[in-house]
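As structure tokens, the structure follows; a few thoughts come after it.
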Amino acid sequence: MSLRRCSRTACGRSAVNTLTYVYADQTAVLGPLATYAEPHAYDLCELHSERLSAPRGWEVLRLQSDIKSRGPSSDDLLALADAVREAARPPERPAPIHSADDPRLGEKRGHLRVFSSE
């Protein structure tokens with residue numbers, strides 16, 4: 001796993017937040033570190049996140065996440081366990097039809113079957 005660094009010049013600290021701009025709304029959005037590095041987003045360390053300011057007339061929207069402090073809940077763990085069990089379960093296949101007299105198969109004519117529209 002590579003550690004992402006702050007985007008500010010000459011800063012070698014670890015990034016903890018991601019900054020994006022919404023130019024149409026004149027808003028700077030600072031939120032939790034994005035899962036992937038995006039070309040038009042800036043990863044910032046704690047110090048530069050706190051010092052962030054926006055151009056005059058712009059709004060700074062700070063999104064807080066408490067996921068790190070609270071960790072996964074028991075509901076999250078149960079949902080994960082259920083998903084793992086579901087993925088491990090073999091797929092159900094319909095029972096094969098063995099009888100040639102089954103009305104669902106229709107009347108056989110050569111290699112084709114004829115079904116009534118009733």
Side-chain angles (χ1 to χ4, degrees):
M1 181 176 125
S2 67
L3 188 62
R4 291 185 0 220
R5 299 283 178 199
C6 183
S7 297
R8 295 294 300 258
T9 305
C11 182
R13 294 182 195 90
S14 297
V16 295
N17 290 310
T18 297
L19 171 66
T20 55
Y21 292 102
V22 182
Y23 293 97
D25 297 333
Q26 293 186 328
T27 304
V29 181
L30 182 68
L33 188 63
T35 305
Y36 301 102
E38 296 290 333
H40 300 291
Y42 304 91
D43 295 334
L44 300 176
C45 66
E46 189 71 35
L47 177 68
H48 287 116
S49 295
E50 291 171 2
R51 292 182 178 177
L52 175 71
S53 63
R56 183 176 290 141
W58 281 55
E59 179 182 0
V60 176
L61 181 60
R62 295 177 188 269
L63 305 174
Q64 299 297 326
S65 174
D66 61 344
I67 292 175
K68 292 178 188 173
S69 64
R70 63 180 170 95
S73 70
S74 60
D75 288 342
D76 294 335
L77 296 175
L78 288 174
L80 180 61
D82 289 342
V84 169
R85 276 193 289 273
E86 184 68 28
R89 187 175 299 145
E92 293 182 22
R93 288 190 254 162
I97 300 172
H98 297 290
S99 172
D101 298 327
D102 191 325
R104 292 179 291 173
L105 293 178
E107 178 186 343
K108 185 167 183 166
R109 293 186 187 169
H111 67 280
L112 302 175
R113 294 206 179 267
V114 179
F115 294 91
S116 65
S117 59
E118 299 171 3

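Values reported hereafter were calculated over all heavy atoms of this structure, with side chains retained and with hydrogens, waters and symmetry mates removed.
- Residues Cys11 and Cys45 form a side-chain contact, since some pair of their non-hydrogen atoms from C-beta on lies under 4.5 Å apart.
- Sorted by first and then second residue, the salt bridge (charged side-chain N to carboxylate O under 4.0 Å, His left out) pairs involving residues 12-32 (not counting sequence neighbours) form an empty list.
- Within the structure, side-chain hydrogen bond (donor to acceptor under 3.5 Å, both in side chains) pairs that include any residue of residues 44-59 comprise Asn17-Ser49 (at least two apart or interchain).
- Of the possible donor and acceptor atoms, one in the side chain of Ser7 sits under 3.5 Å from a partner among the backbone N and O of Asp43.
- In this structure a side-chain-to-backbone donor-acceptor pair under 3.5 Å is present from Arg4 to Ala34.
- Between Leu52 and Arg62, the closest side-chain pair of non-hydrogen atoms falls below 4.5 Å.
- Residues Leu19 and Val22 do not share a hydrophobic cluster, clusters being chains of Ile/Leu/Val/Met/Phe/Trp/Tyr side chains in contact below 4.5 Å.
- Across all their heavy atoms, Cys6 and Leu44 have their closest contact at SG-CA, 3.8 Å.
- By the criterion of side-chain heavy atoms lying less than 4.5 angstrom apart, applied directly or through intervening Ile, Leu, Val, Met, Phe, Trp or Tyr residues, Tyr23 is not grouped with Leu61; the two fall into different hydrophobic clusters.
- The heavy-atom pair separating Leu33 from Ala15 by the smallest distance is CD2-O, 3.6 Å.
- How far CD of Gln64 is from CG of Leu30: 8.0 Å, rounded to the nearest 0.5 Å.
- Scanning all heavy atoms of the two residues, the minimum distance from Thr20 to Ala41 falls at CG2-CB, 3.6 Å.
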